[in-house]
Engineer: 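I have a structure here, written as structure tokens, and I will follow up with some questions on it.
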Amino acid sequence: MKDIARLVLVLTLIAAGAGLILSLVETVTREPIAEQRRLQTLKALKAVLPPIDNAPDTDTVSLVAGKDRKGRDVERTFYRGRYEGSLAGVAFKVVAPDGYSGNIEIMVGVDEKGTVSGIEILSHAETPGLGDKIAHEGFKGQFKGQNLGSVDWRVKKDGGDFDQITGATISPRAVVGAVKNGLEFFGEHRQEIVSQEVQP
């Protein structure tokens, strides 16, 4: 009986010690991780926006873009890039849920009227050597300068204007659809997005 009590005490002390160490590690690494994520977001924003001289992650507008499976609001954040105080462009994330291997996260940049200034693939799990070519400049470059009225927002295999990738139509189709949906949402809320005051 005495041995069991001793064993319980030892295990309790080990568990408490491990919990304390994990808590300390989390406290120490929280801010550096948050800063790294911020820098990655800024890098993506600068890749898709026209030249800017502000920090667009501090000049944002968030709107409800839908509901999740549990009926909770899903917000979409719009990052506003400015140059010499004037709005140069707006960037926002979209998610293509119908990629070949799951979700594809995309950052989309547009000018004030909704013409694409660039896209950046933020994350995906598409097949190496096939679907992952959505992250190549040759594919992403097709979107630059396009708006909802300038092209048929489908891949060529479906009768549209966007080149699909040989052997991997699903991934390009998902990206084209997600960017189009994002542009439609931006167009419906454009005035609200571009004119809302910066929150202190």
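Since this is a predicted model, take the numbers as computed values, not measurements.
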Engineer: Tell me, please, which residues at least two apart from Glu120 pass side chain to side chain donor-acceptor pair (under 3.5 Å).
Structural biologist: Lys140

Engineer: Quick one: side chain to side chain donor-acceptor pair (under 3.5 Å) partners of Asp163, sequence neighbours excluded?
Structural biologist: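 So Asp163 forms a side chain to side chain donor-acceptor pair (under 3.5 Å) with Lys156.
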
Engineer: Do Thr77 and Ser62 have a side chain donor and acceptor closer than 3.5 Å?
Structural biologist: yes

Engineer: Which donor-acceptor pairs under 3.5 Å do side chains of residues 85-99 form with protein atoms, sequence neighbours excluded?
Structural biologist:
none

Engineer: Residues in side chain to side chain donor-acceptor pair (under 3.5 Å) with Gln164, at least two apart?
Structural biologist: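 Partners of Gln164 by the side chain to side chain donor-acceptor pair (under 3.5 Å) criterion come out as none, since no residue qualifies.
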
Engineer: Cation-pi check for Phe185 against Arg76: NZ or CZ below 6.0 Å from the six-membered ring centre and within 45 degrees of the axis, yes or no?
Structural biologist: yes

Engineer: Identify the heavy atoms of Ser101 and Glu126 that sit nearest to each other, and give their distance.
Structural biologist: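 Shortest heavy-atom contact: N-OE2, 3.1 Å.
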
Engineer: Run the side-chain contact (heavy atoms from CB on, under 4.5 Å) test against Ala55 and tell me which residues pass, sequence neighbours left out.
Structural biologist: Asp57, Thr58

Engineer: Tell me, please, which residues at least two apart from His136 pass ring-ring contact (aromatic ring centres under 6.0 Å, His included).
Structural biologist: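 Residues passing ring-ring contact (aromatic ring centres under 6.0 Å, His included) with His136: none at all.
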
Engineer: Just distance, no hydrogens or angles: give the donor-acceptor pairs under 3.5 Å from side chains in residues 39-54, sequence neighbours left out.
Structural biologist:
from: Thr41; atom 1: OG1; to: Arg37; atom 2: O; distance (Å): 3.0
from: Asp53; atom 1: OD1; to: Glu84; atom 2: N; distance (Å): 3.3
from: Asp53; atom 1: OD2; to: Glu84; atom 2: N; distance (Å): 2.9
from: Asn54; atom 1: OD1; to: Arg82; atom 2: N; distance (Å): 2.9
from: Asn54; atom 1: ND2; to: Arg80; atom 2: O; distance (Å): 3.1

Engineer: Kindly write out the residues that satisfy side chain to side chain donor-acceptor pair (under 3.5 Å) with Arg173, not counting sequence neighbours, or none if the list is empty.
Structural biologist: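 Expected list: Asp158.
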
Engineer: Which residue pairs satisfy the side-chain hydrogen bond (donor to acceptor under 3.5 Å, both in side chains) criterion with at least one member in residues 177-188, sequence neighbours excluded?
Structural biologist: none

Engineer: Can you run down the ring pair (Phe, Tyr, Trp, His ring centres under 6.0 Å) pairs that involve residues 45-73, sequence neighbours left out, and say none if there aren't any?
Structural biologist: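 Listed once each, the pairs would be none.
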
Engineer: Please list, chain by chain and in numerical order, all residues satisfying ring-ring contact (aromatic ring centres under 6.0 Å, His included) with Tyr100, sequence neighbours excluded.
Structural biologist: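 Partners of Tyr100 by the ring-ring contact (aromatic ring centres under 6.0 Å, His included) criterion come out as none, since no residue qualifies.
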
Engineer: Give the table of side-chain donor-acceptor pairs shorter than 3.5 Å for residues 10-28, with sequence neighbours excluded, one pair per line with atom names and distance.
Structural biologist:
from: Thr12; atom 1: OG1; to: Val8; atom 2: O; distance (Å): 2.7
from: Glu26; atom 1: OE1; to: Arg30; atom 2: NH2; distance (Å): 2.8
from: Glu26; atom 1: OE2; to: Arg30; atom 2: NE; distance (Å): 3.1
from: Thr27; atom 1: OG1; to: Ser23; atom 2: O; distance (Å): 2.9

